[in-house]
Amino acid sequence: MSTLIQHINLSSASISTPPPILTTFPLLKPTNLRQSLFSFTHKLILSPPNKSLDEAYASVLDHCAAQKSLWHGKQIHAHIIKRHNVHDFMFLATKLVLLYGKCGSLLDAEELFDEMPERSIFAYNALLGAYVSHGETRRAIQFYADMRFLDVPVDAHTCSSVLKACAGERDTRCGREIHGYMIKLGFLCNDIAVNSLVSVYARCDDARAVKLLFDQRSGKGDVVLWNLMISTYGLIVFGEMLSAAVTPTTYTFVAALQACKELSSGVQIHAVVFKYGLCWDRYVANALVVMYSECSRIDEAERVFINIDDRDSVSWNSMLAAYVQNGLYDESLDLFREITRDGRTPDRVSVITALSACGRSGKLLSGMEVHTFALKNGLDLDLQVGSTITDMYAKCSKTRFMDSAFRRIPQKDFISWTTIISGYVQNNGHMKALDSLREVLNEGIYIDKMMIESVLIACRELKSISVAKEIHGYIVRRELSDIVVQNTIVDAYGECGEVDYARNIFELIEMKNVVSWTSMVDCYVRNGLANEALKISHRMVRQGVELDSIAVLSILSAVTSLSTLRKGKELHGFLVRRCLHLEKSIASSLVDMYGSCGAVDNAHKLFDCAKSRDLVLWTSLINGYGMHGQGKMAIKLFRKMEAENVHPDHITFLAILYACSHSALVDEGRRFFNTMSCQYGLEPWPQHYACLVDLLGRANHLQEALELVETMKMEPTAAVWCALLGACRIHSNMEVGEIAAIKLLEMDPKNPGNYVLISNMFAVAERWEDVEEVRMRMRLKGLKKDPGCSWVEIGDRLHTFITRDRSHPRSDEIYDKLTQITEKLERDAGYKAQTSYALHNVEVVEKVRMLHGHSERLALAYGLLTTPQRTPLRITKNLRVCGDCHAFTKLVSKHFEREIVVRDANRFHHFKDGYCSCRDFW
DNA sequence: GTAGGGTTAG
């Protein structure tokens with residue numbers, strides 16, 4: 001032993017008390033460091049010094065490098081320096097550079113490299129490799145550039161190292177440059193260098209270049225090259241590889257499993273894994289867990305996971321993620337706790353995954369538990385952990401915790417900002433979301449599609465057309481558009497009332513999906529263009545778009561607002577075939593649709609079939625009966641609902657108050673209005689006041705109605721004054737009417753309907769000067785009266801008529817028919833046009849001509865012209881039906897023996913045998 | 001005589 005000590009002064013003490021890293025590597029493998037030092041001493045004793053000593057140094061340095069033992073490496077380094085063996089120094093120095101690189105001590109490696117009097121290409125490659133393996137990719141690329149500048153004879157090893165750096169940086173420019181250089185120097189016959197090149201192209205998604213290099217391969221090709229091909233082109237290549245009799249490795253299976261899209265191929269790959277005896281490989285097993293999880297086979301994923309003997313953090317985290325992806329949040333949290341019991345500490349990925357489970361399932365307490373764990377382990381300052389904590393609190397609606405979690409993130413990136421912005425949007429903080437966007441823009445932070453999406457939703461909710469346009473401009477300038485963003489823009493413009501903008505964007509979407517179509521249908525429905533909505537939904541069906549339940553709901557609301565029973569029934573049939581009609585929201589929408597299409601009996605049948613009746617369903621049916629003037633039935637249902645312990649909300653009370661109003665049930669209406677606050681603690685909204693005012697007013701309790709308005713707890717809205725004004729018009733009460741008119745024009749001066757209502761009030765009283773003044777004001781403001789418009793469904797088509805319409809192809813026949821009808825009614829029923837309803841100061845003949853041209857009459861005439869006798873007719877009008885037309889239709893129902901259902905802007909009128917269900921109260 | 005390429009979790 002003394003020889004050894006003399007030679008290298010490596011005290012036995014320093015070998016017997018190695019740094020802690022060695023104690024964790026007990027004498028398991030023959031190649032461990034102690035063993036090699038032991039054989040080193042033997043060599044020193046047995047062989048003569050000089051050359052063989054250098055070999056021994058080299059061997060020890062190899063072992064130090066393999067064990068990554070910087071401490072021992074430095075000891076050996078000190079000895080080499082002592083020996084001053086300049087002759088062999090370059091060779092050993094290269095080994096030392098390599099060792100320092102492996103041990104992560106780049107400074108030592110660089111210092112030694114700089115001290116070397118001469119440097120071989122090995123030395124250059126050693127330092128280059130050190131840069132690459134420590135993620136110093138930019139430095140590596142720069143170092144390579146320096147080498148080229150100094151005319152260092154670069155070899156294939158140099159190329160593969162620097163190409164690895166290029167792949168990390170996704171630097172195709174540099175990659176292509178090296179590619180050219182490799183062609184020039186004939187390195188393309190070196191498999192390893194070629195593979196490095198392929199991996200650059202694969203990382204940069206240049207599949208064509210990958211294919212080109214693969215086709216230029218020699219022989220059946222290197223297995224690594226095949227693996228790269230699998231990750232680029234997927235499973236087809238995997239099959240080809242097996243046919244080409246290339247032996248797969250663990251890398252092959254990981255790539256194949258990653259490329260696997262469906263269970264059947266996954267199972268086949270699993271079988272091949274068994275065949276090659278690689279099922280015990282941890283990498284393969286981990287990839288299997290992920291594959292089974294993605295194919296929703298959580299049982300198989302668990303089975304693979306349980307059989308992994310040497311689970312690493314990736315195994316645990318893959319299983320954790322498998323539970324979360326498959327919605328098994330409790331299981332994932334249990335597993336998170338189990339990690340600790342396994343003697344491990346959950347790492348940042350475990351924490352992120354567990355937090356996302358808590359967020360998705362809204363488990364605030366578990367979320368706080370994981371948050372605490374992150375705090376204790378110093379993980380909370382990690383960027384991604386911080387963002388996930390923020391997101392978890394956002395999803396649990398704890399906005400204050402969300403705010404403070406966000407503030408704690410030291411260096412926020414665009415993802416953390418996206419998280420907080422979408423957090424605000426999820427929790428109705430739309431203004432705060434827009435404020436945050438301003439901060440992002442000021443700080444010059446990168447903006448991605450996800451962030452844009454949240455911001456667009458904020459615009460939509462705030463109905464801020466100016467911000468929406470600004471964001472849209474930004475998206476176009478930055479080319480941030482994708483299908484999701486485009487759909488959201490359509491939605492935002494639709495909600496802001498910009499139908500033309502929405503349509504333009506919609507038409508520009510190249511690959512429209514069901515969401516794009518639904519957004520456009522929604523846009524039309526929201527903006528009162530239900531006809532357009534139906535047209536576009538037909539286009540959607542013709543193009544073979546698969547409808548989902550949300551699309552169906554949108555189309556249903558178009559059908560509902562148009563009252564086309566036929567379309568409604570078609571949709572209903574479609575839903576039954578898809579078993580979608582039982583879904584709660586769809587069931588209520590169907591009840592609503594039948595009610596609004598004049599088939600309240602069908603609505604009731606559906607209601608009876610419903611398995612469970614929630615408040616929305618009850619409200620839909622009550623509303624249906626209300627619209628049809630069956631107030632008593634609506635009240636009966638309301639009582640039944642109360643008896644079944646379903647508690648009404650504001651909307652239910654609106655429905656029941658409207659029902660009372662349409663059936664002139666004054667006492668009942670008053671009573672419901674009181675119960676609402678007294679019994680159910682619901683403060684009435686302005687809409688409830690408007691409803692009661694309408695009821696009282698039309699029943700000629702105008703004074704009571706006015707008092708109600710004056711005692712309202714909030715400022716009366718335009719709708720309230722409008723209801724009062726309508727009643728004043730019916731009862732020709734000019735004093736109250738004028739008060740209401742002034743208020744109404746103050747509050748809502750841009751609505752043409754208000755001017756028409758006021759002018760009609762004066763017309764009934766024949767105050768033509770006032771009529772003229774109101775119409776003049778309207779013209780000065782550039783407002784136009786909405787034209788009257790009615791439509792009737794004949795066969796599978798809607799026929800639309802506006803006032804004095806002549807555009808219908810059978811227009812002449814329609815007017816002839818109308819004249820015939822009128823003559824018959826004048827002759828047989830003594831019908832005489834009530835010219836007071838023609839609210840213009842013109843001659844009587846002209847007034848009769850005007851009444852003749854009302855849209856509902858044209859629709860009625862067309863219906864009688866084109867349908868067989870006794871066929872019921874369903875007509876819908878955008879405004880309220882005119883009084884003379886109402887009388888006319890009653891007579892038609894008797895003298896032409898037709899049931900006629902008219903839905904106007906307010907309610908339904910069922911005409912039969914000369915009577916109307918509204919009992920002339922509307 | 002020294003070294004270099006391709007895998008897993010969010």
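Chain letters run A, B, ... following the sequence lines, proteins first, then strands; residues in each count from 1. What you see is a predicted model; the values in this text were computed from it and never measured.
Close to B/dT8, at under 4.0 Å from its OP1 or OP2, lies a side-chain N or O of A/Q258. Between A/Q325 and the phosphate of B/dG10, there is a side-chain N or O to OP1/OP2 separation shorter than 4.0 Å.
Nearest to the side-chain atoms of A/F91 among the listed nucleotides B/dT8, B/dG6, B/dG1 stands B/dG1. Comparing B/dG10, B/dA3, B/dT7 by their nearest atom to the side chain of A/V349 picks out B/dG10.
Listed in residue order, the members of residues 221-245 of chain A having a heavy atom less than 4.0 Å from DNA chain B are A/D222, A/V224, A/N227, A/L228. Of all the residues in residues 158-177 of chain A, A/S160, A/K164 reach under 4.0 Å from DNA chain B with at least one non-hydrogen atom.
Residues passing the side-chain hydrogen bond (donor to acceptor under 3.5 Å, both in side chains) test with A/S416 are A/D413, sequence neighbours excluded.
If you take CZ of A/R360 and P of B/dG10, they are 10 Å apart, rounded to a whole angstrom. The nearest whole Å value for the distance from the NE2 atom in A/H134 to the P atom in B/dG4 is 12 Å. Whole-Å rounding puts the A/F187 CZ to B/dG4 C1' distance at 12 Å.
In summary, of the residues considered (A/H77, A/K95, A/E111), a side-chain hydrogen bond (donor to acceptor under 3.5 Å, both in side chains) with A/Y100 occurs for A/H77 alone.
At the heavy-atom level, A/D62 lies nowhere under 4.0 Å from the strands shown.
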